[in-house]
Amino acid sequence: LQWEKVKDYTDIIYERAEGIARVTINRPEVRNAFRPETVAEMIDAFQHIRDDASTGVVLFRGAGDLAFCSGGDQRVRGHGGYVGGDSIPRLNVLDLQRLIRQLPKPVIAVVAGYAIGGGHVLHLVCDLTIAADNARFGQTGPKVGSFDAGYGASLLARTVGIKKAKEIWYLCRQYSAQEALDMGLVNAVVPLDRLEEESIQWAREILEKSPIAIRFLKMAFNADTDGAAGLQQLAGDATMLYYMTEEAKEGKNAFLEKRKPDFTKFGRLP
Ligand code: 2NE
């Protein structure tokens with residue numbers, strides 16, 4: 001694929017090619033740990049992807065072969081959050097997690113090396129995960145004085161079962177790619193040198209499918225786990241479809257033309 005850079009950032013790389021967007025955390029010197037600026041850039045890129053009609057699938061990865069992401073950059077962890085250039089302590093990765101969940105396009109985590117701590121939760125909130133055979137997964141929170149009791153706990157329990165999720169958090173062990181596959185934490189494991197090719201193949205297969213069908217399925221899976229917020233997304237998509245019907249347009253047109261709407265011409269399906 002001929003990747004074209006979409007925008008310039010300092011901590012990430014955002015590219016696209018043939019309907020696929022690729023977002024790369026580019027801080028390999030700290031195993032792709034994120035600081036507030038890294039997260040702000042990812043939020044900016046994912047918001048751009050949301051509006052970009054040419055993109056149907058996102059590949060999300062880390063630079064190099066050693067890590068997808070090692071979580072929050074502990075060097076800038078301050079009192080009450082991670083502190084960036086504006087001196088405000090933040091946990092803005094939680095906003096990014098929601099953005100990935102709400103994005104009406106599948107996001108595939110492409111994991112080479114470590115997906116650890118907050119970096120593990122980032123792969124977890126993606127729709128699918130393709131792991132290289134050198135991938136290592138785990139949470140570290142209780143070891144380094146942190147925890148993610150949001151998606152990091154509830155979605156993990158949904159994904160691997162509650163006993164396994166508790167083990168992952170209480171013991172802070174690391175798990176191999178094969179172990180992750182066995183517990184349903186990832187979708188596939190491939191040799192490291194085939195990771196990119198395999199991820200692009202998965203993305204291409206998704207791109208052949210109906211975008212609206214995929215979008216509704218993603219929102220349905222969210223609705224099942226996200227409560228009212230998940231239902232809101234699914235309902236929003238239903239409204240989007242409804243706006244495309246003649247019946248909805250009749251309501252709007254009647255208002256603008258200052259007449260009573262005539263919905264009698266639209267039948268009722270069983
Ligand atoms: C990722 C892991 C297992 C890699 O181990 P290894 O042996 O391959 O590399 P090494 O030597 O540990 O790391 C290489 C360099 O990257 C830095 C290291 O300090 C080291 O720097 P130098 O000694 O070369 O100067 N580095 C790695 N991860 C970093 C990090 N997260 N922040 C800052 N520097 C980092 C191993 O490095 C590891 O266990 N890393 C820490 C993982 C971790 O505990 N992450 C934070 C979890 S909490 C969190 O992410 C979070 C949350 O719980 C809730 C909300 C938001 C965030």
Side-chain angles (χ1 to χ4, degrees), residues 10-12 23-44 46 60-101 107 109-126 129 131-160 164-180 185-186 192 195 226:
T10 58
D11 287 13
I12 70 163
V23 177
T24 307
I25 308 175
N26 191 24
R27 306 185 78 221
E29 67 283 0
V30 284
R31 300 293 186 266
N32 298 317
F34 53 78
R35 53 181 182 162
E37 290 87 345
T38 322
V39 176
E41 290 184 357
M42 289 193 275
I43 288 173
D44 189 74
F46 275 99
F60 186 23
R61 62 175 199 161
D65 295 340
L66 297 181
F68 167 73
C69 177
S70 62
D73 187 328
Q74 298 306 294
R75 298 171 307 178
V76 299
R77 193 172 133 191
H79 190 67
Y82 294 85
V83 183
D86 61 5
S87 305
I88 301 173
R90 295 179 192 279
L91 284 168
N92 55 347
V93 73
L94 305 183
D95 301 333
L96 174 64
Q97 293 172 3
R98 284 198 306 277
L99 186 54
I100 291 171
R101 297 271 298 170
V107 182
V110 179
V111 178
Y114 290 102
I116 290 281
H120 186 259
V121 181
L122 280 183
H123 106 85
L124 181 70
V125 298
C126 291
T129 299
D133 51 9
N134 76 335
R136 308 274 303 165
F137 299 87
Q139 299 296 157
T140 63
K143 207 162 60 178
V144 298
S146 182
F147 58 88
D148 182 337
Y151 286 125
S154 61
L155 191 59
L156 187 64
R158 280 279 178 139
T159 308
V160 300
K164 199 72 193 176
K166 286 179 177 175
E167 173 192 314
I168 291 170
W169 273 104
Y170 296 174
L171 279 69
C172 296
R173 286 183 183 167
Q174 288 180 5
Y175 301 85
S176 69
Q178 187 56 49
E179 287 172 312
L185 190 56
V186 305
L192 178 59
L195 183 61
D226 283 1

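Everything numeric in this text was worked out from a predicted model, so none of it was measured. Both counts, for ligands and for their atoms, begin at 1 and track the order of listing.
With sequence neighbours excluded, no residue satisfies salt bridge (Lys or Arg N to Asp or Glu O under 4.0 Å) with Arg173.
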For ligand 1, output the ligand-protein N/O contacts shorter than 3.5 angstrom; if there are none, return none.
| residue | atom | partner | partner atom | Å |
| --- | --- | --- | --- | --- |
| ligand 1 | 8 (O) | Arg31 | NE | 3.1 |
| ligand 1 | 8 (O) | Arg31 | NH2 | 3.2 |
| ligand 1 | 9 (O) | Arg31 | NE | 3.3 |
| ligand 1 | 9 (O) | Arg31 | NH2 | 3.1 |
| ligand 1 | 16 (O) | Glu29 | O | 3.4 |
| ligand 1 | 28 (N) | Ser70 | OG | 3.1 |
| ligand 1 | 31 (N) | Ser70 | O | 3.1 |
| ligand 1 | 31 (N) | Ser70 | OG | 3.4 |
| ligand 1 | 31 (N) | Gly72 | O | 3.0 |
| ligand 1 | 32 (N) | Gln74 | N | 2.9 |
| ligand 1 | 44 (O) | Thr140 | OG1 | 2.7 |
| ligand 1 | 45 (N) | Ser70 | O | 2.8 |
| ligand 1 | 50 (O) | Gly72 | N | 2.8 |
| ligand 1 | 50 (O) | Gly118 | N | 2.8 |
| ligand 1 | 53 (O) | Ser146 | OG | 2.6 |

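Between the side chains of Tyr114 and Asn134, no donor N or O sits under 3.5 Å from an acceptor N or O.
For the pair Leu156 and Lys164, the minimum side-chain heavy-atom distance is 4.5 Å or more. Between Val125 and Leu96 there is no side-chain heavy-atom pair separated by less than 4.5 Å. Side-chain contact check for Asp73 versus Arg77: every heavy-atom pair is 4.5 Å or farther apart.
Phe46 has its ring centre less than 6.0 Å from the ring centre of Phe60.
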